[in-house]
Each structure stands twice: as C-alpha cells, then as structure tokens.
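Input: a single structure, listed below in structure tokens.
Basis for what follows: all heavy atoms, side chains included, without hydrogens, waters or symmetry-related copies. Throughout, protein chains are lettered first and strands after them, A, B, ... in sequence-line order, and every chain is numbered starting at 1.
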Amino acid sequence: MPFTLATWNINSVRLREGLVARLMNEEQPDVLCLQECKSPVDKIPLEQFRSLGYTHFVARGQKGYNGVAIFSKIPMEDAGHRDFVGKGDARHVAARLENGVTVHNFYVPAGGDVPDREVNEKFGHKLDFLTEMRDWFHAERPGKSIMVGDLNIAPREDDVWSHKQLLKVVSHTPIEVEHLGQTQDAGDWVDVTRADIPDGQLYSWWSYRARDWDTSDRGRRLDHIWASGDIANAGHNSRILRPVRGWEQPSDHAPVFASFDL
DNA sequence: ATGGTCGTCACACGA
C-alpha cells in the first residue's frame, strides 16, 4: 500500500493552522510530521485537521518552544518518545503505522551561533543530542522505519548556498556533519531525498532575515527524510515544496515530501 | 563586516 509522507518545521502550529490545513488540502500527504509546534499538546488545534481526514495524531509539546507532532490519515499507534540529553525537551515522537512502518519525528537543537562548545553550551547540547541519537540507533538497529525532521544540519556541499562561506556557520561545520554522518551510519539510514535527487543544490530553509529570500536564494537543506536500509528502495518521488516558503506569513522552512511503495 | 526577521511571552530568549 503506497503512501506519501511529509516533514515540515511549522514554527508555531497555532499561528499557522491555516497553512497546515492548506498543505493538507492541496498535497494530501498520508502522514505529516511537524516540528517547532511551540504549543502544549492540549492546545494544538485538531478539529480542522480531523475534518480534513487526519484523524490520527501523536505529539509531544511544551509551552513556547520545541514540540513535535505526527498527523496521519493512516491508522497508527503511539510508539513512544525519548528525552534526548535529559532536558525535558519535546524533540522526538514516534508512531507505528498500521502497515508496520515506524516513523520517528525529530527536532534536533539548532545549536546557537558560535560553533564551539567551550563558549557556547547550546552547540555542545546539539552535538550531545546527535551522539545520543547515534548510540540509540546503534542499540535499536531500526528496521522498517522512517526517520524525518528538522535535523538543523545541511551535510553536503550542495545542501547550502555557499559551502565555503558556511564552513564556520552552525549547521554546516565539519564537526556537525561528522556527528550527523555517524548518526546516519549507526541506524543504517538512507538519505531518501538525496537518493532520489542526487545532483544539484537543494534547500528546505531560507532565513527570515534576507530582504528577498527567493532572489538571494541563500538556503540550506536542514530538513531530512531517511529510511532504514530494508525499505529505502521503496522511497521515491522526493521533493521540496519551495513555493510554500512564499505563502502568506510563512514558516522559514519548506515541507519535504517522499512517497513509499510498501 | 554587520545586521538583518520572526514567534512566544511579557522580558528577553531562541531560531
């Protein structure tokens, strides 16, 4: 049974309820994973999403920060969550679809401005979070799984507008790329987006601070869809919906899509 | 080289 999955950092699900509904209406992903909901779970607007067919829902939330949610038209059960780095942050939730596929939804810490854990504890937190993900995936050996989210790292040279100018900018530093690579290897994860679209610049995030994000096009690919090796071949039709970044009062992230024939 | 913009929550803080 084929299905389509999307991941989107929404930057407040309450402020952008209408944009979420528009994406559901226009694109109809079977499963939609959101990050940065910035809302307690009991204040996430559900009614409109339910009326659009997204009758299944799991989430983790906290007031004002972080927050991850999975909306699905496919029946699914809560597959738990983990408090990486033990700060009580709502940065991970998992669900098991009725077809047996487990979906992990992550929001990796952004890491602050200075890429040095000695002077910026947020950068250390980001690296520690990735290390704990690596060790967990190594122990769990996930099979028949998809892992998505805002990983806040653009690993490849063609995942950023300027490799050279971003080498010392948090999200593209070698130590972050190394940590992300180890996390990917530990779970035998395949980068589905890049398996589908191996060549060329690819971005999912453009800063709010640019005068004209579309023209300057200084983007980064921070949002990812990975699949475990046993189902990675089923992934296809990957795409990033760049026009969504130009919708009214948008998130600074565009949604990333992939379909799976399973 | 610097500052540029958002969202949340009520003062800065995180991104």
Side-chain angles (χ1 to χ4, degrees), chain A residues 7-23 33-45 59-69 83-92 105-117 119-130 148-155 159-162 164-173 175-177 179-180 203-224 240 242 244-256:
Chain A
T7 178
W8 191 15
N9 179 318
I10 192 60
N11 188 17
S12 175
V13 70
R14 291 150 84 186
L15 185 70
R16 289 187 238 284
E17 177 184 356
L19 295 196
V20 174
R22 180 175 171 187
L23 190 81
C33 299
L34 300 180
Q35 304 86 35
E36 279 209 89
C37 297
K38 294 187 172 178
S39 173
V41 172
D42 62 6
K43 294 211 162 62
I44 295 175
R60 298 288 298 159
Q62 61 193 99
K63 195 171 114 178
Y65 300 106
N66 307 322
V68 286
D83 179 12
F84 290 86
V85 199
K87 290 170 67 92
D89 284 352
R91 294 182 179 273
H92 169 250
N105 182 14
F106 278 94
Y107 175 49
V108 172
D113 289 330
V114 183
D116 177 354
R117 67 181 307 153
V119 299
N120 170 20
E121 67 180 27
K122 284 185 248 175
F123 193 71
H125 175 223
K126 181 178 195 175
L127 298 180
D128 292 345
F129 193 102
L130 290 158
V148 308
D150 178 2
L151 306 185
N152 265 314
I153 296 172
D159 289 337
V160 294
W161 65 277
S162 168
K164 195 173 168 186
Q165 287 183 251
L166 288 175
L167 271 172
K168 293 180 178 170
V169 174
V170 172
S171 73
H172 192 62
T173 64
I175 190 167
E176 290 170 89
V177 172
H179 276 65
L180 188 68
Y203 315 138
S204 66
W205 173 88
W206 294 261
S207 172
Y208 282 129
R209 297 177 188 177
R211 281 197 200 92
D212 183 339
W213 70 274
D214 197 21
T215 302
S216 61
D217 200 19
R218 296 186 167 190
R220 307 176 200 170
R221 188 172 71 103
L222 305 180
D223 304 275
H224 300 268
I240 299 178
R242 179 181 177 121
V244 173
R245 177 63 177 80
W247 285 0
E248 179 85 20
Q249 198 174 28
S251 167
D252 44 356
H253 294 251
V256 182

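Between Arg91(A) and Asp89(A) there is a salt bridge, since at least one side-chain N of the basic residue sits less than 4.0 Å from a carboxylate O of the acidic one. Using a cutoff of 4.0 Å between basic side-chain nitrogens and carboxylate oxygens, Asp113(A) and Lys122(A) are not scored as salt-bridged.
What separates CZ of Arg91(A) from P of dA15(B) is a distance of 6 Å, to the nearest Å. Atom-to-atom, NZ of Lys43(A) to P of dT8(B) comes out at 13 Å; the value is rounded to the nearest Å. Here the P atom of nucleotide dA15(B) and the CD atom of Gln35(A) are 14 Å apart, to the nearest Å. Look at CZ on Arg211(A): it is 17 Å from C1' on dC6(B), rounded to the nearest Å. Going from atom CD1 of Ile153(A) over to atom P of dA15(B) covers 14 Å, rounded to whole Å. Taking atom CG of Asp214(A) as the reference point, atom C1' of dT5(B) lies 17 Å away to the nearest angstrom. We find that CZ of Arg218(A) is positioned 16 Å from P of dG4(B), with the value rounded to whole Å. Atom pair Glu36(A):CD and dA15(B):P shows a separation of 7 Å (rounding to whole Å applied).
Ranked by how close their nearest DNA chain B nucleotide is to the 5' end, Asp252(A) and Lys63(A) are led by Lys63(A). Closest-nucleotide positions on DNA chain B for Tyr208(A) and Asn66(A) were compared, and the one nearer the 5' end corresponds to Tyr208(A).
Taking 4.5 Å as the limit, every side-chain heavy atom of Thr7(A) sits out of range of all side-chain heavy atoms of Pro255(A).
Considering only residues two or more places apart in sequence or on other chains, Asp212(A) meets the side-chain contact (heavy atoms from CB on, under 4.5 Å) condition with Asp214(A), Thr215(A).
Of the N and O atoms on the side chains of Asn9(A) and Glu36(A), at least one donor lies less than 3.5 Å from an acceptor on the other residue. Between the side chains of Asn66(A) and Lys38(A), no donor N or O sits under 3.5 Å from an acceptor N or O. Under 3.5 Å, the side chains of Ser204(A) and Asp223(A) contain a donor-acceptor pair of N or O atoms.
Straight-line distance between the P atoms of dG3(B) and dG7(B): roughly 22 Å, to the nearest whole Å. Between dC6(B) and dT2(B), the distance separating the two P atoms is 23 Å to the nearest Å. Using atom C1' as the reference point in both dA15(B) and dG4(B), the two lie 14 Å apart (nearest Å).
Between Lys38(A) and dC13(B) there is no side-chain N or O to OP1 or OP2 distance below 4.0 Å. The side chain of Gln249(A) contributes no N or O atom lying less than 4.0 Å from OP1 or OP2 of dC6(B).
Residue contacts shown for Arg245(A) are absent, as no nucleic acid heavy atom lies under 4.0 Å away.
In this structure, the separation between CG on Asp159(A) and NE2 on His224(A) is 6.5 Å, given to the nearest 0.5 Å.
Near DNA chain B, defined here as any heavy-atom distance below 4.0 Å, the residues from residues 8-23 of chain A are Asn11(A), Ser12(A), Leu15(A), Arg16(A), listed numerically. DNA chain B is contacted by Lys122(A) of residues 120-128 of chain A, taking any non-hydrogen atom closer than 4.0 Å.
Under the side chain to side chain contact (heavy atoms under 4.5 Å, CB included) test applied with Ile10(A), the options Glu17(A), Arg16(A), His253(A) reduce to a single match, Arg16(A).
Nearest heavy-atom pair across Val41(A) and Arg60(A) is CG2-C, 3.7 Å.
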